[in-house]
Amino acid sequence: MPIAVVIDVMLARRKMSVGELADRVGITPANLAVLKNGRAKAVRFARLAALCEVLACQPGDLLRWEAEVEAEGADPAGE
């Protein structure tokens with residue numbers, strides 16, 4: 001997936017644990033781990049806003065776009 005979640009960076013900057021962030025945002029540590037480890041398929045804006053409020057950051061501080069590498073020999077035109 002070309003969108004990477006980089007919550008670890010903000011956690012380190014804020015000297016906050018995953019458990020503390022989960023408590024303050026109101027989600028389980030397991031659900032936060034799914035998001036943090038890039039296994040989530042979607043993120044609600046309300047949840048993203050809560051993360052940003054607790055971490056005092058912008059959404060772009062938590063999300064990063066990474067270009068996907070095309071498979072070798074793949075035809076970009078799809079033919």
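Fair warning: this is a prediction, and the values are worked out from it, not measured in the lab.
- There is a path of hydrophobic side-chain contacts, each under 4.5 Å, that joins L32 to I3.
- Around CD of E20, the count of heavy atoms belonging to other residues, nucleotides or ligands within 6.0 Å exceeds 12.
- Considering only residues two or more places apart in sequence or on other chains, R14 meets the side chain to side chain contact (heavy atoms under 4.5 Å, CB included) condition with M10, M16, L55, A56, C57.
- Here R13 pairs with nothing under the salt bridge (charged side-chain N to carboxylate O under 4.0 Å, His left out) rule; sequence neighbours left out.
- Transitive grouping of hydrophobic side chains (ILVMFWY, heavy atoms separated by less than 4.5 Å) keeps V34 and L63 in distinct clusters.
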Practice prompt. Applying side-chain contact (heavy atoms from CB on, under 4.5 Å), run through V5 and V43 and close with a yes or a no.
Written response: CA-CA 10 Å; V5 180; V43 179; 5.6 Å; no

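- With D61 contributing its side chain and Q58 its backbone, the two residues share a donor-acceptor pair below 3.5 Å.
- Heavy-atom contacts from other residues, nucleotides or ligands closer than 6.0 Å to CZ of R39 number more than 12.
- For the atom pair NZ (K36) and CG (L21), the distance works out to 10.0 Å, reported to the nearest 0.5 Å.
- Residue L35 is tested with I27, L51, L48 for a side chain to side chain contact (heavy atoms under 4.5 Å, CB included); the sole match is L51.
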